[in-house]
Amino acid sequence: MTGTAERAVIGAVRGYVSAHLDGGPVCVALSGGADSLALTAGAVRAGLDVHAIVVDHGLQDGSDVVAETAAATVRRLGATAEVRRVTVDGAGGLEAAARTARYTALDMARSDRPVLLGHTLDDQAETVLLGLGRGSGGRSLAGMRPWSAPWGRPLLGIRRTQTVAACEGWGLPVWDDPHNSDPRFTRVRVRTEVLPLLEDVLASGVAEALARTADQLTADSDALDALAGDVLDRQTDEGLAVIEVAGAPSAIRTRAVRFWLQRRGIEAPSHRQVTAVDALVSDWHGQGPIAVGGDDEARLVVTRRAGVLVVERLNR
């Protein structure tokens, strides 16, 4: 007999597919932990054609065995599976480098299929708290989106205790990643220290409240993004006309600036860059070019000229 937790996971997957997908083949990012293992099992039991992708980061002894065990486990459930081994290096620290390597491997392996990720309500609550602590603004506080092509998160309404219980009910062997309890990682301390303290002080329900906040801010952010998009649709290819954005509220104007920078090739403009470029519109007093990126040969700057913002490439 299927227990409550198992039914909750299967129901979450079915509801998610109905709302966001067409019911075709999907990939699942599988680590062997309870969340991704429950998601894979739930997707198979929901009737989906599931291909699991296990990314072996090679950061721990025996990681190859863990990856192959996870793949073998879901094959017995009826999914297909493969293991992708990656090298973790690059800027931003271990967590950021591992994340970049993982998502790159998943994208390469998915073959145009959506990829389902095992993030739960608890992960969403942690993300909101981290964004709040870093002062990252409303977009960060909105947390992880249920669907942002090609990435899907069916379990954002499911607690971590439910995925653990579902795996126990299905008799699935769960791997507990030592990194998930390593206090060197900020997210781990939020999970093991900050959230429990908040639950104690505020009389429980904090994780659910943070997740609701993320949902509400996502709706607000989408509405403001649409308004900012309307502003940009009136722009020309030559640049961003100051007169078109100067009268917009700050929340819309700064979004328009960010989107415009992204369209001009600056993929991830920082808060500092957006603020400085916005000042060319909202606080113009003749200031010089604003650096927004570049490479070893040239740098990219934004300049205001005759009431228009333009991106220029200056040789170093």
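Note that the numbering runs from 1 along the sequence shown for the chain.
- With Arg253 contributing its side chain and Ala248 its backbone, the two residues share a donor-acceptor pair below 3.5 Å.
- Here the CG atom belonging to Asp122 is positioned 11.0 Å from the CG atom belonging to Leu155, to the nearest 0.5 angstrom.
- Considering only heavy atoms from C-beta on, Val302 comes within 4.5 Å of Leu261 through its side chain.
- What you find for Ala79 and Val44 is that their closest heavy atoms are CB-CG2, 4.0 Å.
- Annotation for Asp61: atom CG does not count as buried by contact number, only 12 or fewer foreign heavy atoms lying within 6.0 Å.
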Handout entry: Test log, rule side chain to side chain contact (heavy atoms under 4.5 Å, CB included), inputs Glu312 and Arg305
Key = CA-CA 11 Å; Glu312 298 177 328; Arg305 185 177 297 118; 2.6 Å; yes
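- A donor-acceptor pair shorter than 3.5 Å can be found between the side chains of Asp177 and Gln60.
- In summary, of the residues considered (Thr303, Val242, Leu309, Val257), a side chain to side chain contact (heavy atoms under 4.5 Å, CB included) with Leu280 occurs for Leu309 alone.
- A donor-acceptor pair is defined here as one N or O able to donate and one able to accept, closer than 3.5 Å; such a pair exists between the side chain of Ser270 and the backbone of Gln273.
- Judged by distance alone, the side chain of Asp107 and the main-chain N or O of Thr104 form no donor-acceptor pair under 3.5 Å.
- Heavy-atom neighbours of His271 NE2 from other residues, nucleotides or ligands within 6.0 Å: at or below the threshold of 12.
- In this structure, Asp56 contributes its side chain and Ala67 its backbone to no donor-acceptor pair below 3.5 Å.
- Between the CD atom in Gln162 and the CD atom in Glu6 there is a gap of 10.5 Å [rounded to 0.5 Å].
- With values rounded to the nearest 0.5 angstrom, Leu232 atom CG is found 11.5 Å from Leu227 atom CG.
- The distance from atom OG1 of Thr80 to atom CD1 of Ile53, rounded to the nearest 0.5 Å, is 9.0 Å.
- Within the 3.5 Å criterion, the main-chain N or O of Arg113 finds a donor-acceptor partner in the side chain of Arg110.
- Within the structure, side chain to side chain donor-acceptor pair (under 3.5 Å) contacts touching residues 187-213 (residues at least two apart or in different chains) are Glu126-Arg187, Glu126-Arg191, Thr127-Arg187, Arg159-Glu208, Arg189-Glu193.
- Looking at heavy atoms from C-beta onward, Val74 lies in side-chain contact with Leu77 at the 4.5 angstrom threshold.
- A cation-pi geometry, defined here as NZ or CZ lying under 6.0 Å from the six-membered ring centre and within 45° of its normal, holds between Arg99 and Tyr103.
- Annotation for Ala251 and Leu224: closest pair CB-CD1, 4.2 Å, computed over non-hydrogen atoms.
- Not one N or O on the side chain of Thr163 forms a donor-acceptor pair closer than 3.5 Å with the backbone of Ala38.
- A side-chain donor-acceptor contact under 3.5 Å links Thr254 to the backbone of Ser250.
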Exercise for the section: For the pair Asp35 and Arg153, evaluate salt bridge (Lys or Arg N to Asp or Glu O under 4.0 Å) and give the outcome as yes or no after the intermediate values. Expected result: CA-CA 11 Å; Asp35 298 339; Arg153 298 177 174 88; over 6 Å; no
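- Side chain of Gln262 to backbone of Pro269: no donor-acceptor contact under 3.5 angstrom is found.
- Using a 4.5 Å heavy-atom threshold, the side chains of Val26 and Val50 count as touching.
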Practice task
Would you please test Leu210 and Leu129 for side chain to side chain contact (heavy atoms under 4.5 Å, CB included) and show each step?
Solution key: CA-CA 8 Å; Leu210 290 169; Leu129 274 180; 3.7 Å; yes
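- Under a hydrophobic clustering in which Ile, Leu, Val, Met, Phe, Trp and Tyr are joined whenever their side-chain heavy atoms come within less than 4.5 Å, directly or via other members, Val174 and Trp170 fall into the same cluster.
- Ionic pairing of Arg258 and Asp225 is not present here: no N-O contact between side-chain nitrogen and carboxylate oxygen is shorter than 4.0 angstrom.
- Other cluster members for Val66: Trp175, joined by side-chain heavy-atom distances under 4.5 Å among Ile, Leu, Val, Met, Phe, Trp and Tyr.
- Distance check: Thr120 OG1 to Ile158 CD1 gives 9.0 Å after rounding to the nearest 0.5 Å.
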Practice task
List the steps and the verdict of side chain to side chain contact (heavy atoms under 4.5 Å, CB included) for Val311 and Trp260.
Solution key: CA-CA 10 Å; Val311 176; Trp260 175 71; 3.7 Å; yes
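- At least one side-chain heavy atom of Leu116 sits less than 4.5 Å from a side-chain heavy atom of Tyr16.
- No more than 12 heavy atoms of other residues, nucleotides or ligands sit less than 6.0 Å from atom CD1 of Ile243.
- In this structure, CG in Asp112 is found 10.0 Å from SG in Cys27, a value given to the nearest 0.5 Å.
- A heavy-atom distance below 4.5 Å is found between the side chains of Asp222 and Thr218.
- Contact of the Arg7 side chain with the Thr4 side chain is registered, since non-hydrogen atoms from C-beta on lie closer than 4.5 Å.
- Looking only at atom types and distance, the side chain of Glu82 has a donor-acceptor partner in the side chain of His51 under 3.5 Å away.
- Side-chain contact between Arg160 and Asp123 is present, with at least one heavy-atom pair separated by less than 4.5 Å.
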Practice task
Show your reasoning for whether side chain to side chain contact (heavy atoms under 4.5 Å, CB included) applies to Leu240 and Arg264.
Solution key: CA-CA 10 Å; Leu240 183 65; Arg264 305 306 295 174; over 6 Å; no
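- Between Val231 and Phe259, the closest side-chain pair of non-hydrogen atoms is not below 4.5 Å.
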